[in-house]
Structure formats: structure tokens, C-alpha cells
Peer 1: 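Got a structure for you, written out below as C-alpha cells; questions coming shortly.
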Amino acid sequence: MTEFDAVHQELRAIMLDAAAGLVIVRDAPGDLVVHRDTADPKSGQPQWFGTVTIKKSYVAYHLIPLYDDPALADGLSDALAKRRQGKTCFNFKTRDAALFAEVRALTQRARAALR
């Protein structure tokens with residue numbers, strides 16, 4: 001197992017833990033896609049919740065509710081903020097228990113905001 005595989009597995013578990021009641025669109029090696037259980041009122045398309053994907057040089061963790069409600073990310077640690085790319089994506093190359101605990105808490109806040 002490569003380091004990226006190990007990172008993906010841990011982040012996948014975090015996303016799936018928060019995804020109870022949501023729609024798992026794809027759960028393949030290196031690629032997890034989760035949609036909300038509601039459609040976008042404008043387009044009628046399923047709304048995204050998050051993805052965990054192995055890329056060429058990192059593992060990407062997308063948490064789409066951050067786009068709709070940026071305040072969910074208030075108080076991010078500097079260490080996690082440095083891994084943020086854009087509004088909804090965090091990139092990881094190695095496992096980090098402290099950062100993953102923070103990602104878990106952030107993901108749980110995002111999930112709770114949907115209820």
C-alpha cells in the first residue's frame with residue numbers, strides 16, 4: 001500500500017462516517033464521491049457533499065458545503081489552512097492524526113449544517 005492509498009483510506013473513512021443518509025455515488029479504489037440526498041433547486045441535479053480522490057501528487061479532500069457556507073471553516077488551524085486549495089479542497093500527501101481529527105470535526109459540522 002502506498003502512502004497515498006493510506007491517506008485516502010483514512011480520509012475516506014472520515015467522509016463515509018459523515019455520509020450516513022447521503023448518496024454514495026462512487027466508492028472505487030482512490031475515488032469516493034458523495035452527493036446530498038436533495039437536488040439543486042435551480043438545476044434539478046444532485047447536490048454534491050464531498051469527494052476523496054487520489055491525484056498525481058496528493059490526495060484531494062473536497063467538502064462542498066464550504067462553498068455554500070464559508071463560515072463552517074471559521075477557526076481552521078494554520079496547518080489545515082495551508083493545505084486548503086480554493087474554497088472546498090484540502091490536499092494531503094501524508095497521514096497526520098491532528099489534521100485528520102480537524103478534518104473529521106469540519107466534516108461533521110458540514111454534515112450537521114445540512115440537517
Side-chain angles (χ1 to χ4, degrees):
M1 175 182 287
T2 69
E3 183 65 14
F4 283 5
D5 291 326
V7 169
H8 181 268
Q9 286 300 320
E10 287 192 41
L11 292 173
R12 175 186 170 275
I14 291 169
M15 182 70 70
L16 287 175
D17 187 46
L22 299 180
V23 180
I24 309 302
V25 176
R26 186 171 41 252
D27 189 5
D31 190 21
L32 173 67
V33 178
V34 180
H35 284 178
R36 299 178 191 186
D37 54 354
T38 58
D40 182 283
K42 293 179 184 175
S43 70
Q45 298 296 314
Q47 293 180 301
W48 290 74
F49 179 74
T51 67
V52 184
T53 309
I54 296 177
K55 301 290 189 178
K56 185 175 181 177
S57 58
Y58 57 86
V59 178
Y61 189 91
H62 287 268
L63 193 56
I64 308 307
L66 296 177
Y67 184 81
D68 297 328
D69 187 359
L72 290 169
D74 287 352
L76 285 183
S77 70
D78 289 342
L80 187 56
K82 287 178 184 176
R83 295 184 180 272
R84 192 172 187 180
Q85 181 178 3
K87 294 180 181 182
T88 68
C89 185
F90 299 88
N91 297 333
F92 298 92
K93 294 183 179 188
T94 60
R95 291 174 285 179
D96 185 310
L99 287 179
F100 286 4
E102 188 175 357
V103 167
R104 179 177 296 281
L106 178 62
T107 305
Q108 292 294 336
R109 281 196 309 274
R111 178 65 176 106
L114 299 182
R115 294 187 178 117

Peer 1: If a pair satisfies ring-ring contact (aromatic ring centres under 6.0 Å, His included) and one of its residues is in residues 48-82, list it, with sequence neighbours excluded.
Peer 2: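 Listed once each, the pairs are H35-W48.
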Peer 1: Quick check: closest heavy atoms across H8 and G30, and the distance to 0.1 Å?
Peer 2: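 Of all heavy-atom pairs spanning H8 and G30, the closest is NE2-C, 3.4 Å.
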Peer 1: Mind checking what makes side chain to side chain donor-acceptor pair (under 3.5 Å) contact with D5, not counting sequence neighbours?
Peer 2: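 With neighbours one apart ignored, the set is T2.
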Peer 1: Give, for atom CG of L114 and atom CD1 of I64, the distance between the pair rounded to the nearest 0.5 Å.
Peer 2: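 Here the rounded value is 11.5 Å.
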Peer 1: Any chance you could measure E10, atom CD, to L99, atom CG, to the nearest 0.5 Å?
Peer 2: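 Nearest 0.5 Å value for the CD-CG distance: 11.5 Å.
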Peer 1: Would you please name every residue forming a side chain to side chain donor-acceptor pair (under 3.5 Å) with R95, sequence neighbours left out?
Peer 2: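 Residues passing side chain to side chain donor-acceptor pair (under 3.5 Å) with R95: E3.
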Peer 1: Provide the closest heavy-atom pair for R104 versus D17 in the form atom of the first, atom of the second, distance.
Peer 2: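 Between these two residues, the closest heavy atoms are NH1-OD2, 3.1 Å.
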Peer 1: What pair of heavy atoms forms the shortest contact from G50 to M15, and how long is it?
Peer 2: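 Minimum heavy-atom separation between G50 and M15: CA-CE, 3.7 Å.
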Peer 1: With heavy-atom distances below 4.5 Å as the criterion, would you say the side chains of R109 and P65 are in contact?
Peer 2: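 SC-SC contact between R109 and P65 ruled out.
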Peer 1: Mind checking the CZ-CG spacing from R84 to L76? Nearest 0.5 Å is all I need.
Peer 2: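 Answer rounded to 0.5 Å: 5.5 Å.
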Peer 1: Which pair of non-hydrogen atoms, one from L63 and one from L106, has the smallest distance, and what is that distance?
Peer 2: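 Heavy atoms only, the tightest pair is CD2-CG, 3.8 Å.
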Peer 1: Any salt bridge linking D27 with R12? Criterion: basic side-chain nitrogen under 4.0 Å from a carboxylate oxygen.
Peer 2: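 Here D27 pairs with R12 in a salt bridge, since their nearest N and O are under 4.0 Å apart.
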Peer 1: Find out whether R83 and S77 are in side-chain contact, i.e. whether some heavy atom of one side chain is under 4.5 Å from a heavy atom of the other.
Peer 2: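 No; the side chains remain at least 4.5 Å from each other.
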Peer 1: Among I54, T51, I24, which residue meets the side-chain contact (heavy atoms from CB on, under 4.5 Å) test with L32?
Peer 2: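 When side-chain contact (heavy atoms from CB on, under 4.5 Å) is applied between L32 and each of I54, T51, I24, only I24 qualifies.
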Peer 1: Which atom names give the shortest non-hydrogen contact between V34 and A19, and what distance separates them?
Peer 2: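 In terms of heavy atoms, the two residues are closest at CG1-CB, 3.9 Å.
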Peer 1: Could you give the distance from CG (D68) to NZ (K87), rounded to the nearest 0.5 Å?
Peer 2: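 Reported to 0.5 Å precision, the distance equals 9.5 Å.
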Peer 1: Measuring from L66:CG to T88:OG1, what's the distance to the nearest 0.5 Å?
Peer 2: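 That separation rounds to 7.0 Å.
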Peer 1: Is it possible for you to say whether V33 and L11 belong to one hydrophobic cluster, with membership spreading through side-chain heavy-atom contacts below 4.5 Å?
Peer 2: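 No, it is not one cluster - the side chains of V33 and L11 are not joined through contacts under 4.5 Å.
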Peer 1: Among K56, K93, Q9, K55, which residue satisfies the side-chain contact (heavy atoms from CB on, under 4.5 Å) criterion with F4?
Peer 2: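 For F4, the side-chain contact (heavy atoms from CB on, under 4.5 Å) check succeeds only for K93.
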Peer 1: Working to the nearest 0.5 angstrom, can you tell me the gap between Q45 CD and D40 CG?
Peer 2: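 Output value for this atom pair is 8.5 Å.
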Peer 1: Measure the shortest side-chain to side-chain distance between L80 and F92 over non-hydrogen atoms and say whether it is less than 4.5 angstrom.
Peer 2: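 Heavy-atom side-chain distance check passes, below 4.5 Å.
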Peer 1: What is the minimum heavy-atom distance between G44 and A39, and which atoms define it?
Peer 2: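 In this case the closest contact between G44 and A39 is O-CB, 3.5 Å.
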